[in-house]
Amino acid sequence: QVQLVESGGGSVQAGGSLRLSCAASGSTYDPFCMAWFRQAPGKEREGVAGITRYGRYESTTYADSVKGRFTISRDNTKNILYLQMNSLKPEDTAVYYCASRSGCSALSLLRSAYGDWGQGTQVTVSS
């Protein structure tokens, strides 16, 4: 099992930027998928961005709503996942969660594809 701890959330005005971090500990094996999800009040948890690693191969995917504004990346030496969020909008306000799965068959933004979750960090964007 992998333990995930998010940090970096906060409050920002529309148009601003934030960078979220997710520190992973525990044993993992390739292919290893990690992703960011978010959940706004009264809404379903949705996938925002994902990244997979298989040896030196790495791939990313994004939800249409964040393409061109968010960037997911990973420091494999430190086991830290990042989400750089630029041009933030009020509709990006949500609790953001980090998720992971070892032995993933394909990179996905479906909640059911991930088995390990962090506790979440709040992001609030004001207009």
Side-chain angles (χ1 to χ4, degrees):
Q1 190 172 1
V2 177
Q3 291 75 46
L4 303 169
V5 179
E6 301 98 335
S7 61
S11 298
V12 65
Q13 290 192 327
S17 298
L18 282 174
R19 188 176 80 158
L20 305 182
S21 300
C22 172
S25 59
S27 61
T28 66
Y29 56 93
D30 290 351
F32 182 55
C33 294
M34 296 190 78
W36 288 99
F37 285 74
R38 67 185 180 186
Q39 188 165 16
K43 294 189 176 181
E44 295 287 322
R45 190 172 299 187
E46 63 174 355
V48 173
I51 187 167
T52 189
R53 177 192 75 208
Y54 194 94
R56 293 185 176 183
Y57 171 81
E58 198 167 82
S59 178
T60 59
T61 189
Y62 296 91
D64 288 343
S65 58
V66 306
K67 279 181 183 176
R69 300 189 298 122
F70 291 10
T71 302
I72 189 170
S73 62
R74 183 164 59 195
D75 184 332
N76 291 321
T77 61
K78 299 180 181 178
N79 284 333
I80 299 177
L81 180 72
Y82 299 102
L83 185 68
Q84 177 66 44
M85 305 185 293
N86 298 328
S87 302
L88 282 162
K89 304 175 182 180
E91 51 264 43
D92 294 318
T93 296
V95 177
Y96 283 70
Y97 298 89
C98 174
S100 73
R101 188 180 195 98
S102 288
C104 54
S105 58
L107 183 57
S108 171
L109 292 181
L110 294 177
R111 184 175 180 176
S112 58
Y114 295 87
D116 298 304
W117 294 85
Q119 82 288 351
T121 185
Q122 176 71 45
V123 171
T124 302
V125 184
S126 58
S127 58

query = Given the rule in the side-chain hydrogen bond (donor to acceptor under 3.5 Å, both in side chains) test, do Tyr96 and Arg38 qualify, once you have shown the distances and angles that lead to the verdict?
reply = CA-CA 4 Å; Tyr96 283 70; Arg38 67 185 180 186; 3.0 Å; yes
remark   = Rounding to 0.5 Å, atoms CE (Met34) and CG (Asn79) come to a distance of 8.0 Å
request  = List the atom of Gly10, the atom of Leu18, and the distance in Å for their closest heavy-atom pair.
outcome  = O-CD1, 3.9 Å
inquiry  = According to a hydrophobic-cluster definition based on side-chain heavy atoms being under 4.5 Å apart (Ile, Leu, Val, Met, Phe, Trp, Tyr only), do Leu4 and Tyr97 belong together?
reply    = no
message = Once rounded to the nearest 0.5 Å, what's the spacing between atom CD of Gln1 and atom OG of Ser25?
response = 10.0 Å
key: Flag if over 12 foreign heavy atoms under 6.0 Å of CD, Gln13   = no
note = Thr52 and Cys33 have their tightest heavy-atom pair at OG1-SG, 3.3 Å
inquiry  = Just verifying a value: how many Å separate Gln39 CD and Glu46 CD, rounded to the nearest 0.5 Å?
reply    = 9.5 Å
query = Between atom CZ of Arg53 and atom CD of Glu58, what is the distance when rounded to the nearest 0.5 Å?
reply = 8.5 Å
key: Close side-chain approach of Met85 and Trp36, heavy atoms under 4.5 Å   = no
query = SG of Cys98 to OH of Tyr114: how many Å apart, nearest 0.5 Å?
reply = 10.0 Å
remark   = Tightest non-hydrogen contact, residues Ser102 and Phe32, listed as OG-CD1, 3.5 Å
query = Is a salt bridge present between Lys67 and Asp64, judged by a nitrogen-to-oxygen distance below 4.0 Å?
reply = yes
ask   = Closest approach of Ser21 and Ile80, non-hydrogen atoms and distance?
value = CB-CG2, 4.2 Å
For the student: nearest non-hydrogen atoms of Leu109 and Gly50, plus distance = CD2-N, 3.6 Å
request  = For the pair Thr60 (side chain) and Ile51 (backbone), establish whether a donor and an acceptor sit closer than 3.5 Å, ignoring hydrogens and angles.
outcome  = no
message = Please give me the minimum heavy-atom distance between Tyr62 and Ala49, naming the atom from each residue.
response = CD2-CB, 3.6 Å
query = Are Val66 and Phe37 connected, step by step, through hydrophobic side chains (Ile, Leu, Val, Met, Phe, Trp, Tyr) whose heavy atoms are closer than 4.5 Å?
reply = no
query = Would you say Gln119 has more than 12 foreign heavy atoms packed within less than 6.0 Å of its CD?
reply = yes
